[in-house]
Amino acid sequence: MSMFVMFTLTGCETDNKTLLTDGVWTFQNLTSDSEDETIISFIVLGKTVMTDATLEFQEAGTYILSSPLIDDPTTGDWSLIGEQIIMTPDGDGLPSTSNIEALTKDELSYKETFADEQMNSYTVTTTWTR
């Protein structure tokens, strides 16, 4: 039984990796469940900066995030553990862990959880399409 579960989980990760790396993703939307006005403002700013952005997960475990409004693309390493994407930007950036909400050949949606200044948690969902 445990061999079947291990094989099934490994198979899912392989399928998800193939879906992630099978082309370039184009930014579609950024949403949050926060009601904090400052966080909502950051979400609106993020949507603006990410307009026409692209994200490419490369098979070698690196990624490239490009936006027409930012001179240099963000690059770094990525890994897939179950339903979580861990992205670690090059340089001084902090790693982020995202939970995959939807992953098909045409859509990628993932959710990140953060805490505001009052330590209230909120989520941010990012959606990409091909």
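Because the structure is a prediction, the values reported are computed rather than measured. Worth knowing before you read on, the calculation uses all heavy atoms, side chains too, and leaves out hydrogens, waters and symmetry mates.
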### Task
Mind running side-chain contact (heavy atoms from CB on, under 4.5 Å) on Leu80 and Ile100 for me, showing each step along the way?
CA-CA 10 Å; Leu80 183 64; Ile100 296 172; 3.8 Å; yes
Tell me which donor-acceptor pairs under 3.5 Å the side chains of residues 34-45 have, and how far apart each pair is, sequence neighbours excluded?
residue, atom, partner, partner atom, Å
Ser34, OG, Asp36, N, 3.0
Asp36, OD1, Thr38, N, 2.8
Asp36, OD1, Ile39, N, 3.1
Ser41, OG, Glu37, O, 3.0

### Task
Dump the intermediate steps for side-chain contact (heavy atoms from CB on, under 4.5 Å) on Phe27 and Thr126, then the final yes or no.
CA-CA 8 Å; Phe27 175 77; Thr126 308; 4.0 Å; yes
### Task
Decide whether Gln84 and Asn99 meet the rule of one side-chain donor and one side-chain acceptor closer than 3.5 Å.
yes
### Query
Would you say the side chain of Leu20 lies within less than 4.5 Å of the side chain of Leu103, judging by non-hydrogen atoms?
yes
Donor-acceptor contacts under 3.5 Å from residues 50-61 side chains, at least two apart:
residue, atom, partner, partner atom, Å
Thr51, OG1, Lys47, O, 2.9
Thr51, OG1, Thr48, O, 3.2
Gln58, OE1, Thr62, OG1, 2.6

Donor-acceptor pairs under 3.5 angstrom involving side-chain atoms of residues 86-96: please list them, not counting sequence neighbours.
residue, atom, partner, partner atom, Å
Asp90, OD2, Thr75, OG1, 2.7

#### Entry: Minimal non-hydrogen separation, Ile85 against Tyr110, with atom names
CD1-CD2, 4.3 Å
### Query
What residues, two or more places apart in sequence or in another chain, satisfy side chain to side chain donor-acceptor pair (under 3.5 Å) together with Glu107?
none
### Query
Would you call Thr26 and Arg130 a side-chain contact if the rule is heavy atoms closer than 4.5 Å?
no
### Task
Decide yes or no for Val124 and Leu30: does some side-chain heavy atom of the first lie under 4.5 Å from some side-chain heavy atom of the second?
yes
#### Entry: Asn29 CG to Thr125 OG1 distance, which is reported to the nearest 0.5 Å
9.0 Å
### Query
Between CG of Leu108 and OG of Ser98, what distance do you get to the nearest 0.5 Å?
8.5 Å
### Query
What pairs of residues pass the ring-ring contact (aromatic ring centres under 6.0 Å, His included) test when at least one of them lies in residues 58-77, not counting sequence neighbours?
none
### Query
So which heavy atom on Tyr122 is nearest to which on Asp116, and how close?
CE2-N, 3.8 Å
### Task
Please name all residues satisfying side chain to side chain donor-acceptor pair (under 3.5 Å) with Trp78, sequence neighbours left out, ordered by chain then number.
none
### Message
Using the side chain to side chain donor-acceptor pair (under 3.5 Å) criterion, which residues pair with Asp33? Sequence neighbours excluded.
### Response
Thr123
### Query
Atom CG in Leu65, atom OG1 in Thr74: separation rounded to 0.5 Å?
5.0 Å
